[in-house]
Protein chains: 2
Amino acid sequence: MGTKAEPGSVRPGGRTARVRAAVLAAAADALVEHGVHGLDLADVARRAEVGKTTVYRRWGSVPALVADLLEDMAEQSLPRVETGALLGDLTANARLVRRTLADPRQGALFRAVIAAAACDERTARALHRFYAVRIAEWAPCVEQAVERGEVPEGTDAAEVVRAVSAPLYYRMLVSGDPLDEAAADRCARAAVAAARAGAYAPAGPGRG
Amino acid sequence: MGTKAEPGSVRPGGRTARVRAAVLAAAADALVEHGVHGLDLADVARRAEVGKTTVYRRWGSVPALVADLLEDMAEQSLPRVETGALLGDLTANARLVRRTLADPRQGALFRAVIAAAACDERTARALHRFYAVRIAEWAPCVEQAVERGEVPEGTDAAEVVRAVSAPLYYRMLVSGDPLDEAAADRCARAAVAAARAGAYAPAGPGRG
DNA sequence: GCGTTAACGGAACAGGAGTTCCTTTTATGG
DNA sequence: CCATAAAAGGAACTCCTGTTCCGTTAACGC
């Protein structure tokens with residue numbers, strides 16, 4: 001009477017895992033080449049050398065496939081850099097984000113994935129989880145800055161981290177301005193300046 | 001011998017204009033309901049009460065239709081608010097952007113349009129033009145702040161304006177955090193604090 | 001107004017995405 | 001190693017998106 005288990009969940013080993021890996025890799029390739037709009041599951045199946053039926057049965061739609069790809073990507077987290085100063089840490093973060101978005105392959109993949117999330121609620125949730133993990137990974141560098149007295153008590157660490165990458169994503173997705181390293185450094189400088197001025201602390205906009 | 005004129009360019013009056021308006025309105029409705037992924041031109045034609053052939057002939061593809069919609073949207077610019085202080089002006093801007101993105105219809109439309117631009121180069125160019133206009137519209141309020149001595153000489157006005165909306169777009173498209181008015185106000189405060197500290201001036205990150 | 005022809009509209013057509021059904025392979029428990 | 005059934009694979013089918021063809025309507029110049 002219960003709901004039937006999702007295909008792939010009862011025997012996840014061996015062939016099933018191989019098929020998943022091949023399909024996700026092929027999906028990433030296809031996304032990089034054609035974007036979400038030009039993606040069709042038959043093509044993904046062909047690239048993965050897997051039966052078309054399998055892709056339709058296990059994922060069923062483009063958004064669902066992208067959501068699964070995101071969950072796979074979320075598991076690969078990059079280690080955080082620690083320089084001992086907030087500006088150094090956030091500059092490292094900004095440069096990492098910039099390099100990722102400016103990279104032909106990675107950048108295209110992120111653009112495609114974000115576009116997919118803009119169309120589909122389920123994909124959006126997967127994307128939010130992905131970024132929640134990344135932001136949580138970098139938040140401690142702001143907390144350490146609070147402990148060192150670099151920024152006011154009560155500063156919202158996650159908000160500062162978001163403030164660093166937001167302008168970079170804005171450039172890539174919205175305004176189209178160049179994604180050079182100077183822009184990344186400016187993001188970090190601005191976030192640090194705003195945090196020092198207390199713009200991310202509940203107390204208010206006080207200037208220090 | 002020359003290239004044949006685009007359909008609709010030789011006799012743009014009367015019926016042709018009516019058809020364009022009806023199709024663009026229908027496209028906006030369809031985008032709000034289904035997003036770019038679920039958009040098909042036959043459905044748009046049905047909503048616009050226009051021949052399917054017409055839509056395919058004049059626009060031909062989803063990205064091209066969205067690009068035309070964007071050019072239409074770019075012509076409707078909202079007047080800028082002037083409060084006499086940078087924080088006031090930028091807070092007004094941030095709240096306007098937030099209200100637009102949080103609105104069920106407008107927000108969905110912007111999300112769809114940005115997603116379309118992420119897939120297609122031509123749509124991306126139309127989107128960039130759209131935002132170039134909007135940013136140029138608001139840049140003067142930063143220039144006035146420079147004249148008043150609120151922020152350092154040489155501050156990049158456009159960059160400050162971008163810094164205000166970037167976190168709002170980031171929330172909507174990437175992280176999924178709530179788009180409330182407190183967030184908008186924080187964006188404005190942070191941008192002002194960073195600008196005052198000279199983070200957007202070429203001189204460097206100096207703290208004033 | 002009137003003629004020319006740009007642009008629209010309906011209908012029939014083509015191709016491919018997504019589905020269904022059934023067979024073959026192979027992961028997993030004993 | 002064997003039995004079971006979960007998952008993959010192949011092929012035929014359906015339906016819908018996008019195209020083509022040609023007849024109809026109505027802008028725009030005179």
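The figures here come from the full heavy-atom set of this structure, side chains too, leaving out hydrogens, waters and symmetry mates. Because the structure is predicted, anything quoted here is derived from the model rather than measured. So that the names make sense, note that chain A is the first sequence line, chain B the second, and so on, each numbered from 1.
Using a 4.0 Å cut-off between charged nitrogen and carboxylate oxygen, B/E71 and B/R129 count as a salt-bridge pair. A/E33 has a carboxylate O that lies under 4.0 Å from a charged side-chain N of A/R47, or vice versa, which qualifies the two as a salt bridge.
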Donor-acceptor pairs under 3.5 angstrom involving side-chain atoms of residues 101-114 of chain B: please list them, not counting sequence neighbours.
unit_1: B/D103; atom_1: OD2; unit_2: B/R105; atom_2: N; d: 3.1
unit_1: B/D103; atom_1: OD2; unit_2: B/Q106; atom_2: N; d: 2.8
unit_1: B/R105; atom_1: NH1; unit_2: B/D29; atom_2: OD1; d: 2.9
unit_1: B/R105; atom_1: NH2; unit_2: B/D29; atom_2: OD1; d: 3.3

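Judged as a side chain to side chain donor-acceptor pair (under 3.5 Å), and not counting sequence neighbours, the contacts of A/D68 are A/R20, A/W59.
Although no hydrogens or angles enter the test, the distance criterion places no donor-acceptor pair under 3.5 Å between the side chain of A/T155 and the main chain of A/Y200. At least one donor-acceptor pair under 3.5 Å links the side chain of A/R189 to the backbone N or O of B/A199. With A/R162 contributing its side chain and A/I135 its backbone, the two residues share no donor-acceptor pair below 3.5 Å.
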Checking salt bridge (charged side-chain N to carboxylate O under 4.0 Å, His left out) for the pair B/E49/B/R18: CA distance, chi angles, key distance, verdict? CA-CA 11 Å; B/E49 293 180 315; B/R18 271 199 309 281; over 6 Å; no

How does each nucleotide of nucleotides 4-14 of chain D score, in 5' to 3' order, for protein heavy atoms under 4.0 Å: base (B), sugar-phosphate only (S), or none (-)? BBBBBBBB---

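In the model, A/Y169 has a side-chain atom that pairs as donor or acceptor with a side-chain atom of A/Y131 under 3.5 Å. Side-chain contact, B/T91 with B/D185: no donor N or O sits under 3.5 Å from an acceptor N or O.
Residues A/P178 and A/R171 meet the side-chain proximity criterion, which asks for heavy atoms closer than 4.5 Å. Using a 4.5 Å heavy-atom cutoff, the side chains of A/C141 and A/R80 are in contact.
For DNA chain D, no neighbouring residue in residues 25-42 of chain A is found when judged by any heavy atom under 4.0 Å. Of the residues in residues 111-120 of chain A, not one comes within less than 4.0 Å of DNA chain C through any heavy atom.
Think of the region where chain A sits on DNA chain C: with heavy atoms and a 4.0 Å cut, that region ends 5' and 3' at C/dA17 to C/dT28.
The residue among A/R46 and A/R18 whose nearest nucleotide of DNA chain C is located toward the 5' end is A/R46.
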